[in-house]
Amino acid sequence: MQIRKTRFVIAITALLVVGFMATSLISYFVAHDALSERIQEETLPLTSDNIYSEIQRDLLRSILISSLMSNDTFVRDWAVAGEQDAGQIIRYLESIQKKYSTITAFYVSDKTLNYYHPTGIIKQVDAGDPADDWYFRARQINDDYEINIDDDTADRSRISIFINYRVKDYNGNFIGVTGVGLAVNAVADLIETYQRRYGRQIYFVDREGAVMLHGSDFDGQMRLHERPGLKLLATQILTNPGTAFSYQRPDGHRIYLNSRLVSEFNWHLIVEQDERAAEARIHNTLIINILVSLAITALVLLIAHYTVRGYQRRLEEMATTDKLTGAANRQVFDMIFDQTVKLSKRNGEPISIITLDIDRFKEVNDTYGHEGGDTVIRKVADVMRRHIREADTLCRWGGEEFLLLLADCKLESARERAERLRLAIKEETMRFGRDDINITISLGVAEYQPGESLNEIINRADTAMYEAKRQGRDQVCSA
């Protein structure tokens, strides 16, 4: 029985653990695949879009300012009039810079090639100076403006984003270039904000793959072709306006990457996310699921243990006790008798047996039916239990006959106890419905003899009991 119980517990445990683990792992891998797909198709592109949108917002504002400057009648009138008072344009540029919080404002005259700045005339642009190529390029473009990233003419240590807007006179003739400058630091701050908020690495590379702008925690090589894991993918990134994929670094970490071309800068915006950061929450969820599964398994096993133990106890009771009276049945009485005999031999204690039978029980059945007979048998068993010791064993031997095994009890003591039982049952009024039933019993007493079997001592006690019945019932006789 114990082996079956152990096997049952092991089977239930295995079933629950395998079931919960399979469910947790399947959920984990499904979530992992869904997360990978979401990062590549939604999350990283959304970050790129947000950064691009904010760059576009700042650029659009700067383009609008430059457009207003190029169409300002003051600028055109001053230029057409021959640029007589440089202080006027310098004050104008200074007011633009202060009003719109730009890092610079400028005007370059096509007639004098003077570079006007809020601090004064900085220089004359020269076609032979590579630093001034932007101006001569702007003279030739068909569009109204261009955006370029270059060293600031007023501060060569500073890289700025310039809006170069063409200026025309009232007849449509080109007369110069005006515009404003934005600090690249503004874009760098934008990168820092997004990296802190989302835990992603963001940087810009030019069309040759050189890293032009990045956050403070940027790690790795400054060229795309030299970054671990990206050597074979660099060309694909630089030749496509936008792409998304994942690659594996030498340390085994998988990186998700999204790139898009920012045509205004002619740079590629790169957004990367380490798989570990993205999966941290899924790993935590997996661990929580496993812990919850183990807790549920333990709870189910605990419930199963108490349920099985309860059923086992009930089965044992059904197998060892009489259903009607709760007394021991014949099957278990054999074992109890053997154990009691062994104990008595070891301790040198006497054993006695009392057999008893309800007198005229057939008349009770005939008068009150089997239900009345069952009530009487139950009442007799209850009265006997109230008058015996805890160490004594009461057994319903069959029908209306009972056995009482008395450990550490001589014949004389057993006879006295039998007499007390006889009187107790005789004085007990047993009620059935509206009727009172008075019952008597006949008892036989026998003391165990060394080497005697259970059947032998029962036969001697039965003989004494039948003698009591022959003598008129309601008596105790000894073997």
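These numbers were taken from a predicted model, which means no experiment stands behind them.
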Distance (rounded to the nearest 0.5 Å) between [X] [atom1] and [Y] [atom2]:
{"X": "Leu405", "Y": "Phe333", "atom1": "CG", "atom2": "CZ", "answer": "4.5 Å"}
{"X": "Leu403", "Y": "Leu356", "atom1": "CG", "atom2": "CG", "answer": "8.0 Å"}
{"X": "Ile425", "Y": "Leu443", "atom1": "CD1", "atom2": "CG", "answer": "7.0 Å"}
{"X": "Glu371", "Y": "Asn365", "atom1": "CD", "atom2": "CG", "answer": "11.5 Å"}
{"X": "Met430", "Y": "Asn438", "atom1": "CE", "atom2": "CG", "answer": "9.0 Å"}
{"X": "Gln273", "Y": "Ile255", "atom1": "CD", "atom2": "CD1", "answer": "9.0 Å"}

Minimal non-hydrogen separation, [X] against [Y], with atom names:
{"X": "Ala418", "Y": "Val445", "answer": "CB-CG2, 3.8 Å"}
{"X": "Pro45", "Y": "Asn258", "answer": "CG-ND2, 3.5 Å"}
{"X": "Ala461", "Y": "Thr355", "answer": "O-OG1, 3.2 Å"}

Under a 3.5 Å threshold, yes or no: a donor from one side chain and an acceptor from the other, between [X] and [Y]?
{"X": "Arg260", "Y": "Ser48", "answer": "no"}
{"X": "Thr47", "Y": "Arg200", "answer": "yes"}
{"X": "Asp357", "Y": "Ser442", "answer": "no"}
{"X": "Thr325", "Y": "Asp322", "answer": "yes"}
{"X": "Asp206", "Y": "Asn266", "answer": "no"}

Sub-4.5 Å side-chain heavy-atom contact between [X] and [Y]:
{"X": "Ile441", "Y": "Asp474", "value": "no"}
{"X": "His214", "Y": "Gln201", "value": "no"}
{"X": "Phe402", "Y": "Ile354", "value": "no"}
{"X": "Tyr448", "Y": "Pro350", "value": "no"}
{"X": "Leu224", "Y": "Leu233", "value": "no"}
{"X": "Ile457", "Y": "Arg460", "value": "yes"}
{"X": "Leu257", "Y": "Leu230", "value": "yes"}
{"X": "Leu404", "Y": "Thr393", "value": "no"}

Okay, side chain of [X], backbone of [Y]: is any donor-acceptor separation there less than 3.5 Å?
{"X": "Arg378", "Y": "Gly326", "result": "no"}
{"X": "Ser67", "Y": "Ile63", "result": "no"}
{"X": "Gln195", "Y": "Ile202", "result": "yes"}
{"X": "Glu447", "Y": "Leu411", "result": "yes"}
{"X": "Ser413", "Y": "Cys409", "result": "no"}
{"X": "Glu456", "Y": "Ser453", "result": "yes"}
{"X": "Asn459", "Y": "Asn455", "result": "yes"}

Q: Could you list all the salt bridge (charged side-chain N to carboxylate O under 4.0 Å, His left out) pairs where at least one residue sits in residues 222-237, not counting sequence neighbours?
A: Arg227-Glu272
Q: Evaluate the criterion side-chain contact (heavy atoms from CB on, under 4.5 Å) for residue pair Arg196 and Glu192; output intermediate values, then yes/no.
A: CA-CA 6 Å; Arg196 285 194 304 269; Glu192 294 287 353; 3.6 Å; yes
Q) Does the side-chain hydrogen bond (donor to acceptor under 3.5 Å, both in side chains) test come out yes or no for Ser246 and Arg254, once each step is laid out? A) CA-CA 7 Å; Ser246 64; Arg254 178 155 294 281; 3.0 Å; yes
Would you call [X]-[Y] a salt bridge at under 4.0 Å N-O?
{"X": "Asp382", "Y": "Arg385", "answer": "yes"}
{"X": "Glu412", "Y": "Arg415", "answer": "no"}
{"X": "Lys362", "Y": "Asp366", "answer": "yes"}

Q: Give the C-alpha distance, both sets of side-chain angles, the deciding distance and a yes or no for salt bridge (charged side-chain N to carboxylate O under 4.0 Å, His left out) between Arg422 and Glu419.
A: CA-CA 5 Å; Arg422 185 189 67 80; Glu419 185 63 27; 2.4 Å; yes
Q | Lys/Arg cation over aromatic Trp267: Arg207, 6.0 Å, 45° cone | A | no
Q: Go through the steps for Leu324 and Arg396 under the test side-chain contact (heavy atoms from CB on, under 4.5 Å), then give the verdict.
A: CA-CA 9 Å; Leu324 179 61; Arg396 185 184 177 197; 3.5 Å; yes
Q. So among Lys469, Lys426, Gln475, which one has a side-chain hydrogen bond (donor to acceptor under 3.5 Å, both in side chains) with Asp359?
A. Lys469
Q: Begin with the C-alpha distance, continue with both residues' side-chain angles, and end with the deciding distance and a verdict on side-chain contact (heavy atoms from CB on, under 4.5 Å) for Trp397 and Asn329.
A: CA-CA 7 Å; Trp397 197 245; Asn329 60 23; over 6 Å; no
Q | Greater than 12 external heavy atoms within 6.0 Å of Phe204's CZ | A | yes
Q: Would you check, one step at a time, whether the test side-chain contact (heavy atoms from CB on, under 4.5 Å) holds for Tyr100 with Arg61?
A: CA-CA 9 Å; Tyr100 296 108; Arg61 177 174 174 271; 3.8 Å; yes
